[in-house]
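Model, not experiment: these values are computed from the prediction. Index from 1, following the sequence.
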Amino acid sequence: MLRRKFVAFAFASLLMSSGLFAQEQPVPREDTLVIESRNGTELISVEIADTPALRERGLMFRHRLPPNRGMLFLYKTPQPVAMWMKNTYIPLDMAFVRADGTVARIVEGTVPHSLDTIESGEPVAAVLEVAAGQARRLGIEAGALMRHGFFGNAD
């Protein structure tokens, strides 16, 4: 009897340590974002963070973010947004986007692991995060236009 309890305990411990009982992280869906800027029109692939859990995790724990890829944080109603870089290993550029798809503010080259807040400066409906240097390369600046179904301006 004691041996059976030990085997059951050992098996349960093995399952727990293997991650089979670990809570799975939600996976963001992917979509395409069109950026219209002084540089012309660019398409990038974005992961959509539209739930509290996805927005909370964001790009944390990633070690790279390829060019023409990013994460688009979506909010049901425009609001002041504050981000930070806790557990984020790569520097990012952040574009704070109004409900009509126009860029309100850009913050370039955020500092990995920083707990400093990065604020939108006004109510926004979305935030686009791309690898540091990509906003400049793509021509993303205040006034640029993001086209996506969320903004109601996709063609």
message: Hydrogens and angles aside, do Thr102 and Asp100 bring a side-chain donor and acceptor to less than 3.5 Å of each other?
response: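 Looking only at side-chain atoms, Asp100 and Thr102 do form a donor-acceptor pair, the distance falling under 3.5 Å.
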- prompt: Regarding Arg137 and Asn68, is there a side-chain donor-to-acceptor distance under 3.5 Å anywhere?
  reply: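 Indeed, the side chains of Arg137 and Asn68 share at least one donor-acceptor pair under 3.5 Å.
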message: Going by salt bridge (Lys or Arg N to Asp or Glu O under 4.0 Å), name the residues that satisfy it together with Glu30, two or more places apart in sequence or in a different chain.
response: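 Arg69.
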task: Side-chain contact test, heavy atoms from C-beta onward, threshold under 4.5 Å: evaluate it for Glu47 versus Arg29 and give yes or no.
output: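 In short, these two side chains do not touch, never coming nearer than 4.5 Å.
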query: Where the side chain of Thr51 meets the backbone of Leu54, is there a donor-acceptor pair that is under 3.5 Å apart?
result: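 Side chain of Thr51 to backbone of Leu54: a pair is present.
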query: So, the side chain of Ser37 versus the backbone of Asn39: is there a donor-acceptor pair under 3.5 Å, distance only?
result: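 Indeed, once roles are kept as given, a pair shorter than 3.5 Å links the two residues.
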- prompt: Does anything in residues 27-58 pair up under ring pair (Phe, Tyr, Trp, His ring centres under 6.0 Å), and if so which pairs, sequence neighbours excluded?
  reply: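 Passing the test, one end in residues 27-58: no pairs.
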message: Strictly by ring pair (Phe, Tyr, Trp, His ring centres under 6.0 Å), give each pair with a member in residues 110-144 just once, sequence neighbours left out.
response: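 Matches after skipping sequence neighbours: Tyr89-His113.
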Cluster companions of Val34 among Ile, Leu, Val, Met, Phe, Trp, Tyr (side-chain spacing under 4.5 Å):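 Val34 shares its hydrophobic cluster with Leu43.
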- prompt: Are Arg105 and Glu141 within salt-bridge range, i.e. N to O under 4.0 Å?
  reply: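 Not counted as a salt bridge, because no side-chain N and carboxylate O are separated by less than 4.0 Å.
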message: If the threshold is 4.0 Å, N to carboxylate O, is there a salt bridge linking Asp50 and Lys76?
response: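 A salt bridge is absent here (no side-chain N lies under 4.0 Å from a carboxylate O).
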Please tabulate, one pair per line, all N/O donor-acceptor pairs under 3.5 Å involving side-chain atoms of residues 144-152, not counting sequence neighbours.
unit_1, atom_1, unit_2, atom_2, d
Arg147, NE, Glu36, OE2, 2.7
Arg147, NH1, Asn153, O, 2.7
His148, ND1, Phe150, N, 3.0
His148, NE2, Asp31, OD2, 2.9

- request: For residues 84-99, pull every pair meeting salt bridge (Lys or Arg N to Asp or Glu O under 4.0 Å), keeping only residues two or more places apart or in separate chains.
  value: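 Output for this query lists Arg98-Glu122.
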